[in-house]
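One structure below.
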Amino acid sequence: MESSKDRLLEERKTKLRWWIEKDEDPYSARFGPRHSIEWVRNSHEDLKAGEKRETKVSLAGRIVALRGHGKTSFADLKDRTERIQIYAREDRLKKRYPLFQKLDIGDIIGVKGKVFKTKSGELTVETFDFLLLAKSLRPLPEKWHGLQDVELRYRKRYLDLIANPGVRDIFLQRGAIINTVRNFLNERGFLEVETPMMQPLPGGATARPFRTHHRALNEDLYLRIAPELYLKKLIVGGMEKVYELNRNFRNEGIDRLHNPEFTMLEVYSAYDGYEEMMKLTEELIQWVAKQIKGTLEISYQKERIHLSSPWKRMTFIQALKEIGNLEVNLKNEVEVRAAASEVGLNVEGLTGAQILEHLLDHQVVPKLVQPTFIVDYPVATSPLAKRKKEDPSLVERFEVFMGRQEIGNAYSELNDPIEQRARFAETEAGKGSMDEDFLEALEYGMPPTGGLGIGIDRLVMLLTDSVSIRQVILFPQLKSKSSEEG
RNA sequence: GGGCUGUUAGCUCAAUUUGGCAGAGCAACGGACUCUUAAUCCGUAGGUUACAGGUUCGAUUCCUGUACAGCCCA
């Protein structure tokens, strides 16, 4: 009746009691000062095979491999930075040697000892003293193949991090990318701000929101789908250059490119328009790539992406014609519908503007490998963007694509409150509930402003050559399993 | 929402084609071993084949449904 899993757990618990009987605390409170394994490696690489250094080092980490040889034992110890071999001998550890032999793969220990190089040249720490810091009760995934089961990797990311070396790198890079983005914007005088994630009215994008309820206020609130309208209120308030880099929530499908919570950068710059935002986008992404990858040539899914300027630009109409091979008069909805049906899109219940966006997504975006700005969108696709003077059927908007994905979206922000009200009224969302707070703010006067949004997860995917957004989110959303504890 | 595929020991994988005692490596357990490193050698144990039904003398294998996941499409 007892499963193998239970038996393994029982064996470890027996060992746990053994340590306690030996008066050894299997869960220590702390392990004083320690060297990083990386430091130990770097500062001892000059040792020759067989040579020992007399100064002692102090290390802590997880045992990831054990090789016992009777009166000597080897272990591999891993910390945040690196892996190193540990060597223990009975004649050195004396009475404590049996304790060392009792250690398991997965245990977390502290080690004090001297660094030497084995005759085969492996840098090794000879253990003079060691301490069990945390007893591991479960077997780790297999050492050679790691953890392959994608579902387990996402559900138990900590095991993925222990077993699969590349995973940590992705998240180190993610952290570095976000840092770099902040540095870039801070240096250019942008202020990072935080606006509500719980909003009485979800705005700034078209997406189904998550709803929650505030008890004390007795009011429904929505998790934000975008921070846009709040950030523009700050522009009205004279803050001029702001950005927010944080989570948005959209209650929609989950796939390779979508997680219900995702990280978005929004930047607003007063007295600028979408031309300036294009420049900013190009510089930002080039800067990040340079800092993270050291080059403007990146490789994504076996394709080379050249990030050096200038990036290709084409209008929305051009893109549909030249890349999508669609000859359509955008103003003629009947024609647009026919073209969409012809390429196999289901246009049932969609507005003309939505169909145009679908056409772009399906016929054009999958072909955009090199960085490309698509500019001048039909007005109906973008209720928050300013119309083009030369052609009021279009707006000053661009989206930027690379690696066959959308990376960012920007407008010259619509700052005419009367037109904004009218444009809201024309949209699906606007019909239900007009964001009067936002409109009132505009009525006080918002300077001309360029606004930009960049999907940070997408950017991380590009720079870490990841196919799925789940690879760059530590704990991606999965359906919960009503399973055994454990 | 639709289609296809997958789910076998703690982990990585066989066996399913053509139904016939479910195997291996790592990890574990016992033993040997004082420079090993995917340590080695001897031995032991570990399975409700995701779950629920069905067909069959007999199902991991065929059929239906469910759950979760992956890929593609909408």
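Quick note on labels: first sequence line is chain A, next is B, and so on, each numbered from 1.
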Under 3.5 Å on both distances, the Watson-Crick or G-U partner of [N]:
N       : result
rA14(B) : none
rU40(B) : rA32(B)
rC68(B) : rG6(B)
rC21(B) : none
rG53(B) : rC63(B)

What interatomic distance, in whole Å, is found between [atom1] of [M] and the corresponding atom of [N]?
N       : M       : atom1 : result
rA69(B) : rG30(B) : P     : 39 Å
rC11(B) : rA28(B) : P     : 15 Å
rU60(B) : rG23(B) : P     : 13 Å
rG19(B) : rC63(B) : P     : 12 Å
rU44(B) : rU5(B)  : C1'   : 38 Å
rG20(B) : rG25(B) : P     : 23 Å
rU17(B) : rG31(B) : C1'   : 44 Å
rU61(B) : rU8(B)  : C1'   : 12 Å

Q. How do L478(A) and F74(A) order along RNA chain B: which one's closest nucleotide is nearer the 5' end?
A. F74(A)
Q | Contact nearer the 5' end of RNA chain B, comparing E122(A) with L140(A) | A | L140(A)
Q.
Taking 4.0 Å as the cut-off, does a side-chain nitrogen or oxygen of K143(A) come that near to OP1 or OP2 on rA28(B)?
A.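 For rA28(B), OP1/OP2 do not have a side-chain N/O of K143(A) under 4.0 Å.
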Q) Does the side chain of H362(A) get closer than 4.0 angstrom to OP1 or OP2 of rA74(B) through an N or O atom? A) yes
What is the nucleic acid contact for [X], judged by heavy atoms within less than 4.0 Å: base, sugar-phosphate only, or nothing?
X       : result
F116(A) : base
L159(A) : nothing
R155(A) : sugar-phosphate
D149(A) : sugar-phosphate
G253(A) : nothing
K15(A)  : sugar-phosphate

If you check the [X] side chain, which of [options] turns out closest?
X       : options                   : value
P139(A) : rC29(B), rA27(B), rU34(B) : rA27(B)
R67(A)  : rC35(B), rC68(B), rA39(B) : rA39(B)
S120(A) : rU34(B), rU37(B), rA45(B) : rU37(B)
K479(A) : rA69(B), rC35(B), rG25(B) : rA69(B)
E151(A) : rA69(B), rA27(B), rU36(B) : rA69(B)
Q148(A) : rC11(B), rU37(B), rC13(B) : rC13(B)
I105(A) : rA38(B), rU34(B), rA28(B) : rA28(B)
Q85(A)  : rU36(B), rG10(B), rU34(B) : rU36(B)
L8(A)   : rA28(B), rU34(B), rC29(B) : rA28(B)
S4(A)   : rC29(B), rA9(B), rC11(B)  : rA9(B)

Taking distance alone, no hydrogens or angles, what donor-acceptor pairs closer than 3.5 Å link side-chain atoms of residues 97-105 of chain A to residues at least two apart or in another chain?
residue, atom, partner, partner atom, Å
Y97(A), OH, G70(A), O, 2.8
Y97(A), OH, T72(A), N, 3.1
Y97(A), OH, T72(A), O, 3.0
Y97(A), OH, S73(A), N, 3.4
Y97(A), OH, S73(A), OG, 2.8
Q101(A), NE2, G70(A), O, 3.2
D104(A), OD1, K15(A), NZ, 2.5
D104(A), OD2, R12(A), NE, 3.4
D104(A), OD2, K15(A), NZ, 3.1
D104(A), OD2, K135(A), NZ, 2.6

From [atom1] of [X] over to [atom2] of [N], roughly how many Å is that when rounded to an integer?
X       : N       : atom1 : atom2 : value
I86(A)  : rC35(B) : CD1   : P     : 18 Å
K114(A) : rC35(B) : NZ    : C1'   : 18 Å
L66(A)  : rU37(B) : CG    : C1'   : 12 Å
D255(A) : rC73(B) : CG    : P     : 10 Å
R153(A) : rC68(B) : CZ    : P     : 21 Å
Y87(A)  : rC35(B) : OH    : P     : 6 Å
I84(A)  : rU37(B) : CD1   : C1'   : 13 Å
D6(A)   : rC29(B) : CG    : C1'   : 16 Å

(Q) If you count every heavy atom of other residues, nucleotides or ligands that lies below 6.0 Å from K312(A) atom NZ, does the total exceed 12? (A) no
(Q) Just checking R30(A): does its CZ atom have more than 12 heavy atoms from other residues, nucleotides or ligands closer to it than 6.0 angstrom? (A) no
Q: Dump the intermediate steps for side-chain contact (heavy atoms from CB on, under 4.5 Å) on R304(A) and E297(A), then the final yes or no.
A: CA-CA 7 Å; R304(A) 301 290 291 171; E297(A) 301 285 302; 3.2 Å; yes
Q. Does Y377(A) have R397(A) sitting over its ring (NZ/CZ under 6.0 Å from centre, angle to axis within 45°)?
A. yes
Q | Pi-cation contact, F262(A) with R247(A) (under 6.0 Å, within 45°) | A |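 No, cation not above the ring by the 6.0 Å, 45° rule.
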(Q) Could you check whether K117(A) pairs with E122(A) (Lys NZ or Arg NE/NH1/NH2 to Asp/Glu carboxylate O, under 4.0 Å)? (A)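 Result for this pair is no, no salt bridge flagged.
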(Q) So that I can tick it off, tell me whether D79(A) and R62(A) are bridged by a salt bridge, with the cut-off set at under 4.0 angstrom between side-chain N and carboxylate O. (A) no
Q.
Is the distance between the ring centroids of Y411(A) and Y274(A) under 6.0 Å?
A. no
